[in-house]
> 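Quick one: the structure is below, and I'll ask about it shortly.
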Amino acid sequence: MKKLLNNNLIKNFLIILVFTFLLEITFRIICGAQVIDVSLIRIFLGLTFVSLIISFILSWTNKTCSKVLIIIIGLVFTIYAFLQLGFNNFIGVYMSFNTSSQLGAVTSYVKEFLLSFLGKFYFIFIPFVLLILYYIFLDKYTERKFSKKFMLKSRIKYEPGIRTISTVLALFAIGFVYNETLTSKFMQNELQTVSNEELFQYPSVPSLAINEFGIIGFGFLDIKSLYVDPPDTYIFDATDDNISYDTNRTFDDTLWEKLISEESNTILNNINNYLINNTITDYNEYTGLFEGKNLIVIMMESVNEIFINPELYPNFYKMYSEGISFSNNYSPRNSCATGNNEFSAMTGLYSIQNNCTANVYRDNTYSTSIFNLFNNAGYRTSSMHDYTEAYYYRGTIHTNMGSGAYYGVQDLGIPYYNEYKNWASDEDFMNVAMDITLSEESDEPFMLWLTTVSSHQPYNQSSVEGDKYLSITEDTDYPMDLRRYMSKLKTLDNALGILLEKLASAGELDDTVIVMFGDHYPYGLKDTTINQVLDYDLDDYERERTPLVIYNSEITAEVVDKYTSYVNLTPTIANLFGLDYDPRLYMGSDVFADDYSDLVVFADGSWKNDEVYYNAATSEVTYYTDEVMSIEEIRNINQVITAKMQMSSLIIQNNYYEYLSNALETLKVEQETYANTEESITSEEIMGG
């Protein structure tokens with residue numbers, strides 16, 4: 001009995017519970033989240049459940065072993081929380097086991113990742129230090145207290161059978177109460193985008209899940225998500241506020257309606273019904289503005305508004321100031337930001353937040369992609385990137401998107417490096433890319449997608465492109481990592497100069513539209529470093545602000561102040577070029593449409609415009625003006641955004657566009673066959689008559 005008492009279940013339970021709860025409180029303080037919140041009830045219950053299970057398991061080991069295991073468990077929890085703080089600060093989202101496919105890539109910049117940690121993140125180790133100090137100075141004292149208190153009271157804690165039964169009953173009671181918190185109205189914010197019950201089933205919005213279940217709770221839910229399928233049911237009650245019926249762009253939905261009436265798959269029909277009732281945006285004054293012209297889309301690596309500088313980057317500034325520029329464009333980061341943001345720009349869909357969507361679903365096909373829209377319009381399409389397949393399987397992804405030809409760095413034949421700190425030169429890239437594109441003799445216009453790489457991090461160590469143009473900032477007091485970043489931007493700007501020169505020499509400049517946007521801001525730089533150039537507050541997702549430019553030498557300069565992001569790129573371009581496309585099939589929208597919803601949506605469902613910012617992680621609203629929105633207005637916006645994001649996930653997970661194309665084509669053939677048969681029978685009757 002003495003031996004069992006020395007390894008008291010209750011004592012270990014209390015130690016683990018106090019430690020984990022202190023860890024959760026510390027995490028919230030560091031994150032700036034609300035500490036006194038109703039969600040703490042659920043978090044405490046969850047920790048009670050976990051602590052009881054761990055202490056019960058440890059009760060079958062000796063005292064020394066249980067002490068060592070508690071310390072190890074405490075260290076694992078602490079390091080996990082520490083890494084989550086750093087990952088969210090560095091990448092902009094919380095890491096998930098669903099993105100483990102990128103682990104090899106992340107190890108390439110582990111040094112930059114660790115250097116990005118803020119000093120306050122190290123306070124997360126305080127509960128662990130207190131745990132160690134407890135075992136050094138207080139363990140024996142509390143053990144004596146527990147011995148005195150529980151030795152003579154009862155045998156429940158010491159008899160193995162009774163101990164097991166009492167633990168199971170306690171776990172059942174805690175689990176029952178915990179489950180009630182998932183649905184209790186007072187335990188859920190009325191503005192919350194995803195219910196707690198849905199988050200518990202699948203943590204589709206990590207930032208919200210962490211706020212509602214705690215960092216440890218999210219860790220267990222994230223592990224569970226590896227072995228369960230994402231929710232496949234979807235209910236959306238369309239209202240007149242979300243649907244536009246007054247439009248001069250019309251479609252014959254006869255075959256689609258027939259498909260819906262015959263489809264037995266509930267998931268596919270949920271998607272069908274949502275999309276067929278989605279907004280049909282009107283033609284507008286920008287429709288067909290660039291009809292018949294060539295198109296070059298450039299996704300610029302790690303470019304933010306530092307690039308808008310007429311002295312240092314004249315080529316970009318020329319196009320920015322003489323084209324259509326967007327003053328409130330954002331490139332929200334998410335898991336695998338470059339690949340997923342490229343995916344969203346090409347498809348007009350939101351990527352799935354907790355995985356590398358572009359890689360995981362690389363075998364999907366998208367009849368609605370930007371490539372296929374231009375393929376259908378008679379363009380010759382291609383895409384190019386000046387790096388290898390080490391991070392993203394672009395050779396497969398772009399081909400399945402409809403790119404007529406994809407060129408990686410090896411295909412282009414330009415110099416590149418295998419070491420992470422060095423990247424290929426965008427100058428070399430642009431020279432070869434334009435030589436390939438302009439050398440082909442064809443009457444067809446071309447559509448070209450370019451993804452650059454030179455301005456990629458790291459910036460904290462010497463590199464070819466990082467050191468090449470340090471002279472442009474030699475008269476500043478900027479730190480070296482910022483100077484290296486700006487040097488890399490110079491390489492990109494020179495590449496844009498090469499682009500303009502080659503188009504002009506080939507006589508194609510006037511007939512070519514150049515669209516440029518940043519894939520994400522340079523997250524290898526700290527906010528304080530970025531603020532040495534950009535003087536605006538980077539909170540409330542302002543760090544995600546990036547340039548978007550649409551340039552043609554023949555248009556009049558214009559500044560668009562609507563809030564937008566890469567998800568709107570494909571439908572906006574489709575309208576500008578007068579392409580045949582169905583706007584209902586995109587979660588993004590034509591920015592120039594009269595009914596465009598003027599706000600930008602971030603990866604976790606947060607959103608903002610010039611009047612209000614909604615934080616989906618905390619369900620809090622910040623106002624920038626005296627205008628205040630009602631709870632109902634906020635909730636309606638959240639419902640529309642959540643619907644679009646969930647629908648995007650269902651479309652991707654079910655390879656929906658391939659299904660829709662094949663199904664409609666089958667119905668079309670059947671209809672034509674039936675019509676021909678009827679015509680043949682009628683002819684025979686006439687002949688026979």
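Starting from 1, each residue takes its place in the sequence as its number. The basis for the numbers below is simple: all heavy atoms, side chains too, and nothing from hydrogens, waters or symmetry mates.
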> Between the side chain of Lys608 and the main-chain N/O of Asp540, is any donor-acceptor distance below 3.5 Å?
yes

> Kindly check if the number of other-residue, nucleotide or ligand heavy atoms within 6.0 Å of CD1 (Ile36) is above 12?
no

> Check for a donor-acceptor pair, side chain of Arg543 on one end and backbone N or O of Tyr521 on the other, with a separation under 3.5 Å.
no

> For Leu191 versus Asn189, what's the shortest heavy-atom pair and its separation?
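For Leu191 versus Asn189, the nearest heavy atoms are N-OD1, 2.8 Å.
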
> Donor-acceptor pair, Tyr614 side chain versus Gly605 backbone, under 3.5 Å?
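Flag not set: sc Tyr614 to bb Gly605 has no pair under 3.5 Å.
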
> Taking the inter-plane angle between the rings of Tyr387 and Trp423 on a 0 to 90° scale, is it parallel (under 30°), tilted (30 to 60°) or perpendicular (over 60°)?
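Perpendicular: the ring planes of Tyr387 and Trp423 meet at over 60°.
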
> Is it possible for you to check whether Arg484 lies under 6.0 Å from the centre of the six-membered ring of Tyr459, through NZ or CZ, and within 45° of that ring's axis?
no

> Could you tell me if His520 and Thr338 have a donor-acceptor pair between their side chains, going purely by distance under 3.5 Å?
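The criterion, which ignores hydrogens and geometry beyond distance, is satisfied for His520 and Thr338.
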
> Given 3.5 Å as the limit, does a donor-acceptor pair link the side chain of Arg333 with the main chain of Phe90, or not?
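Checking the backbone N and O of Phe90 against the side chain of Arg333, a donor-acceptor pair under 3.5 Å is found.
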
> Using atom types as modelled and distance alone, determine if a side-chain donor or acceptor of Asn340 lies under 3.5 Å from a backbone N or O of Asn334.
no

> Report yes if the distance between the aromatic ring centroids of Phe602 and Tyr330 is under 6.0 Å, otherwise no.
yes

> Fit a plane to each ring of Trp60 and Phe56, take the angle between them on a 0 to 90° scale, and name the class: parallel (under 30°), tilted (30 to 60°) or perpendicular (over 60°).
perpendicular

> Between the side chain of Asn654 and the main-chain N/O of Tyr656, is any donor-acceptor distance below 3.5 Å?
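A pair under 3.5 Å: no.
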
> So how far is it from Ser619 OG to Gln34 CD, rounded to the nearest 0.5 Å?
10.5 Å

> Can you check whether Ile215's main-chain N or O pairs, donor with acceptor, with Gln84's side chain at less than 3.5 Å?
no

> When the aromatic ring centroids of Tyr624 and Tyr613 are compared, is their separation below 6.0 Å?
no

> Are the ring centres of Tyr94 and Phe87 closer than 6.0 Å?
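Judged by ring-centre distance (under 6.0 Å), Tyr94 and Phe87 do not meet the cut-off.
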
> Would you please indicate yes or no on a ring centroid separation below 6.0 angstrom for Phe82 and Phe117?
yes

> Which of these passes side chain to side chain donor-acceptor pair (under 3.5 Å) with Ser207: Asn88, Asn615, Thr618, Asp604?
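Result for side chain to side chain donor-acceptor pair (under 3.5 Å) with Ser207: Asp604.
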
> Ring of Phe213, cation from Arg42 - is the NZ or CZ under 6.0 Å from the centre and inside 45° of the axis?
yes

> Indicate yes or no for a side-chain donor-acceptor contact from Glu611 to the backbone of Tyr623 under 3.5 Å, with no hydrogens or angles considered.
no

> Without hydrogens or angle criteria, can the side chains of Ser195 and Glu198 be said to hold a donor-acceptor pair below 3.5 Å?
yes

> Would you find a donor on one side and an acceptor on the other, under 3.5 Å apart, between the side chain of Thr529 and the backbone of Leu525?
no

> With distance as the sole criterion, is a donor-acceptor pair present between the side chains of Asn341 and Tyr566 under 3.5 Å?
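On atom types as modelled, these side chains qualify, holding a pair under 3.5 Å.
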
> Please confirm whether the backbone N or O of Leu17 pairs with a side-chain atom of Thr20, one donor and one acceptor, at under 3.5 Å?
yes

